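Position 1 is the first residue of the sequence, and the numbers go up from there. These numbers come from a predicted model, not from an experiment. FYI, side chains are in, hydrogens and waters are out, and symmetry mates aren't considered; it's all heavy atoms of this structure.
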Amino acid sequence: MTKSELIESLSHKLDQFTHKDIEQSVNTILDTMIDALAHGQRIEIRGFGSFSLHQRKARLGRNPKTGEQVPLPARRVPHFKPGKALREKVNESRAFTDIIR
């Protein structure tokens with residue numbers, strides 16, 4: 001699901017709000033989450049999951065074209081850990097069992 005599909009789905013479910021209001025709300029929520037992570041904060045949404053930052057150490061990478069070693073700096077990367085309710089819902093989903101088969 002893309003952000004525009006999420007906004008469209010919410011517009012159908014919440015017909016008392018305008019499409020523009022829903023779009024602005026979704027953008028505000030996502031911007032707030034991005035700002036929190038950028039400032040090193042952890043985000044926890046009960047029943048959905050948590051977002052945190054993981055630290056990657058500096059290391060030597062490899063240029064795939066030339067095979068030459070390239071130094072990669074240390075960096076922080078976002079990490080998502082699904083909550084129990086989300087994991088259970090996904091695992092009981094009929095679509096999930098059809099994909100495995």
Side-chain angles (χ1 to χ4, degrees):
M1 174 179 275
T2 64
K3 183 166 81 168
S4 59
E5 290 171 339
L6 172 63
I7 293 168
E8 195 65 37
S9 176
L10 290 172
S11 291
H12 289 299
K13 291 179 181 179
L14 304 170
D15 55 359
Q16 67 269 30
F17 298 104
T18 66
H19 182 76
K20 194 73 170 170
D21 289 339
I22 291 174
E23 181 178 9
Q24 187 175 11
S25 297
V26 168
N27 287 334
T28 301
I29 290 168
L30 294 177
D31 289 343
T32 303
M33 292 173 72
I34 290 168
D35 288 343
L37 285 173
H39 288 94
Q41 296 175 338
R42 184 174 183 273
I43 301 167
E44 183 177 330
I45 303 170
R46 299 281 170 143
F48 182 71
S50 61
F51 297 87
S52 60
L53 294 174
H54 282 194
Q55 187 72 28
R56 285 195 183 161
K57 295 179 182 177
R59 63 187 176 90
L60 283 178
R62 190 172 299 277
N63 181 332
K65 270 189 177 179
T66 64
E68 172 186 356
Q69 287 191 339
V70 180
L72 298 174
R75 61 181 52 206
R76 298 183 305 172
V77 292
H79 174 75
F80 176 71
K81 181 179 177 185
K84 181 180 176 185
L86 176 60
R87 281 194 318 270
E88 289 173 353
K89 185 73 171 176
V90 168
N91 283 328
E92 75 185 22
S93 166
R94 178 84 175 128
F96 179 74
T97 57
D98 290 344
I99 291 171
I100 294 175
R101 291 182 190 176

How would you list, by chain and number, every residue that makes a side chain to side chain contact (heavy atoms under 4.5 Å, CB included) with Glu88, sequence neighbours excluded?
Lys84
For residues 10-34, which residue pairs qualify under salt bridge (charged side-chain N to carboxylate O under 4.0 Å, His left out), counting only residues two or more places apart or in two chains?
none
Considering non-hydrogen atoms only, spot the tightest contact between Ile22 and Ile7 and give its length.
CG2-O, 3.9 Å
Check Leu37 against Leu53 and note the closest heavy-atom contact, atom names and distance.
O-CD1, 3.2 Å
Can you pull out every salt bridge (charged side-chain N to carboxylate O under 4.0 Å, His left out) where at least one residue sits in residues 39-58? Sequence neighbours excluded, please.
Arg42-Glu44, Glu44-Arg46
For residues 14-34, which residue pairs pass the ring pair (Phe, Tyr, Trp, His ring centres under 6.0 Å) check, not counting sequence neighbours?
none
Please enumerate all residues that pass side chain to side chain donor-acceptor pair (under 3.5 Å) together with Ser25, with sequence neighbours excluded.
none
Applying ring pair (Phe, Tyr, Trp, His ring centres under 6.0 Å) as the test, list every pair that has at least one member in residues 53-76; sequence neighbours left out.
His54-His79
Once side chain to side chain contact (heavy atoms under 4.5 Å, CB included) is applied, do any residues pair with Gln55, and if so which ones, sequence neighbours excluded?
Ala74, Arg76
If hydrophobic clusters are built by linking Ile, Leu, Val, Met, Phe, Trp and Tyr wherever their side-chain heavy atoms come under 4.5 Å apart, do Val77 and Ile34 end up in the same one?
no
I'd like to know if the side chain of Ser9 reaches the main chain of Glu5, judged simply by a donor and an acceptor atom lying under 3.5 Å from each other, with no hydrogens or angles considered.
no
For Lys3, check side chain to side chain donor-acceptor pair (under 3.5 Å) against everything at least two apart and list the hits.
Asn27
Residues passing the side chain to side chain donor-acceptor pair (under 3.5 Å) test with Ser4, sequence neighbours excluded, are Thr2
In terms of hydrophobic clustering (I, L, V, M, F, W, Y; side-chain heavy atoms under 4.5 Å; direct or indirect links), are Ile29 and Leu86 co-clustered?
yes
Hey, could you give me the CD1/CZ distance between Ile43 and Phe80, rounded to the nearest 0.5 Å?
10.5 Å
Taking distance alone, no hydrogens or angles, what donor-acceptor pairs closer than 3.5 Å link side-chain atoms of residues 62-69 to residues at least two apart or in another chain?
residue: Arg62; atom: NH1; partner: Gly67; partner atom: O; Å: 2.7
residue: Asn63; atom: OD1; partner: Lys65; partner atom: N; Å: 2.9
residue: Thr66; atom: OG1; partner: Glu68; partner atom: N; Å: 3.2

Sequence neighbours excluded, which residues qualify as side chain to side chain contact (heavy atoms under 4.5 Å, CB included) partners of Ala85?
none
Do Phe51 and Val90 share a hydrophobic cluster, counting only Ile, Leu, Val, Met, Phe, Trp and Tyr and linking them when any side-chain heavy atoms are less than 4.5 Å apart?
yes
With sequence neighbours excluded, what pairs up with Leu72 under the side chain to side chain contact (heavy atoms under 4.5 Å, CB included) test?
Arg59
